[in-house]
Amino acid sequence: MAAYAPARYIDLHALHPVPASLLNRGEDDEPKTMLLGGAVRAMVSSQAWKRPIRLEVEEQLDEHAVRTRRLPLLVAEALCEAGWPQDLAAYAGAQVARSANREGLKTETDQGGITSALLYMPRDVVAEMADLCQEHRTALEEARIQEAAAADKPKNSRKKKEESGPAVLPTRTVATLIRRRTATINMFGRMLAELADAQVDGAVQMAHAFSVHQSDPQPDYFTAVEDWPAAGVAGSAHLQTSFFTSGILYRYATVNLTELVRNLGGDEKQALNLLALFTEAFIETMPRAKKTSTAPHTLPHLIAYAVRDRRPVSYAAAFEKPVKHAHGGGHTLPAVNALSQHAGALNRLIGHRRRIAHGYATFQETPLDHLGTTHASFEELTDALTKAAAQPTPSRAAA
């Protein structure tokens, strides 16, 4: 019987100062907020930060994934560009969805035949689907002629058949293309219930970021001036009030390295490479909303990590009580102290047996008591946590 090996998690914590910004807004077009500890906090949803991280990792790997419901339409467009008649190209694109499995992927006919479910797949699948249609062009042409002839016959003389017609393209090949993965699909997971074996359990978990102190949305009244006003007319052509937030955000993510290795078919080297790329992107990326008008391009004041077995541990509870600003102003140092003290309390409560390593890097020069090894730079921190993540789980006796 194989020895039990607990899951390996790499926790990442950030204290990130953000100036006046609108990184993430709700349906009312105002900054997202949350109520925690009786105080309103600025909030940035995990999705808003996860997307730029994913795009950065894809850029580094030059391996891109897309989310789309327009696969049938995109294949049709590619075929039209290759010289196919528009009606045949549209039929072939529809066959991509029809041939994905026995029943076919559900589509929205009133929206041009887009798929009902959002597909998440490698970007080059569209070109490969178009190539597959090229290989089976004769079969597609014949099937389209037969369906057109059947549609012209009286209803009582038609054979009973499925509403969408039979699949023309090879189902196994179409399904294999849609099920293909990229590195980021293996990292962040994929949900597609309509296609067997297409679902991927994500190895990365990200929490909503929130301000460690109270941070109410603040109004920003602005105008746009008419540069060519009519004679005798003065004033602005556009008046509006937008809102922004500012403050120190606590951000948290964890990578299930065991799950990532499993998603990669056992490739531990690639899993560690992706862990390093994810860490770098977690540190350096920012959501892109309102970047032109706010330019909130800051870096975290502090990054801390912990490599753990069995389960991840967030430090969010350190900020259930809103941080008060220091004497003379500033929330940064009180936030750092709150994080360190909370980590120390957790270390005392849960012990060290399941923690393989921990450390931090920060602008602050004063050493911190409970966050582990001090690293001089974010680059050094990334190398250290990647190396620690590869260490074997110590035996209970050794621990």
Side-chain angles (χ1 to χ4, degrees), residues 9-21 36-37 39 41-42 44 49 207 209-215 245-255 276 278-286 296-308 312-352 354-389 391:
Y9 290 91
I10 295 83
D11 294 333
L12 292 170
H13 314 270
L15 289 176
H16 196 146
V18 180
S21 61
L36 178 64
R41 316 294 186 94
V44 181
W49 224 303
F210 62 91
S211 63
V212 302
H213 50 80
Q214 181 162 332
S215 180
T245 56
S246 61
I248 308 297
L249 301 179
Y250 171 71
R251 299 168 47 210
Y252 170 73
T254 187
V255 180
F278 175 82
T279 302
E280 292 171 357
F282 177 84
I283 295 170
E284 296 180 5
T285 60
M286 293 284 289
H297 305 304
T298 55
L299 284 169
H301 177 83
L302 177 145
I303 293 289
Y305 71 89
V307 179
R308 302 180 185 274
V313 178
S314 168
Y315 294 164
F319 307 109
E320 190 270 340
K321 181 180 180 180
V323 169
K324 300 296 184 181
H325 63 75
H327 181 70
H331 290 101
T332 302
L333 294 183
V336 170
N337 291 333
L339 186 76
S340 179
Q341 293 302 315
H342 183 76
L346 279 174
N347 292 339
R348 174 177 55 81
L349 285 170
I350 65 179
H352 310 297
R354 298 176 187 169
R355 193 190 65 215
I356 308 302
H358 64 151
Y360 69 97
T362 179
F363 284 94
Q364 190 168 320
E365 295 182 358
T366 306
L368 300 175
D369 294 331
H370 306 295
L371 296 178
T373 304
T374 305
H375 300 290
S377 66
F378 292 146
E379 185 177 90
E380 181 182 305
L381 175 144
T382 300
D383 291 342
L385 75 85
T386 306
K387 183 178 179 180
Q391 293 179 13

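These numbers come from a predicted model, not from an experiment. Basis for what follows: all heavy atoms, side chains included, without hydrogens, waters or symmetry-related copies.
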Got a second to check how far [X]'s [atom1] is from [Y]'s [atom2], nearest 0.5 Å?
| X | Y | atom1 | atom2 | value |
| --- | --- | --- | --- | --- |
| His301 | Gln364 | NE2 | CD | 4.5 Å |
| His325 | Leu333 | NE2 | CG | 13.5 Å |
| Arg41 | Ser215 | CZ | OG | 10.0 Å |

Do [X] and [Y] have side chains that get closer than 4.5 Å, going by heavy atoms?
| X | Y | value |
| --- | --- | --- |
| His331 | Pro17 | no |
| Val313 | Arg308 | yes |
| Phe378 | Thr279 | no |
| Phe278 | Val255 | yes |
| Leu302 | Leu368 | yes |
| Leu385 | Leu12 | yes |
| Tyr250 | Tyr315 | yes |
| Asn347 | His352 | yes |

Nearest atoms (heavy-atom pairs only) where [X] meets [Y]:
| X | Y | value |
| --- | --- | --- |
| Val323 | Pro334 | CG1-CB, 3.4 Å |
| Phe210 | Ala316 | CZ-O, 3.9 Å |
| Val212 | Leu249 | CG1-C, 4.5 Å |
| Val307 | Ala389 | CG1-CA, 4.0 Å |
| Met286 | Thr298 | SD-O, 4.0 Å |
| Phe363 | Pro300 | CE1-O, 3.2 Å |

* Residue pairs fulfilling side chain to side chain donor-acceptor pair (under 3.5 Å) with at least one residue in residues 371-384, sequence neighbours excluded -> Tyr305-His375, Tyr360-Thr374, His375-Glu380

* To do: Could you tell me whether the side chain of Trp49 and the main chain of Ala207 form a donor-acceptor pair under 3.5 Å?
  => no

* Do we see a donor-acceptor contact under 3.5 Å between the side chains of Ser340 and Asp369? -> no

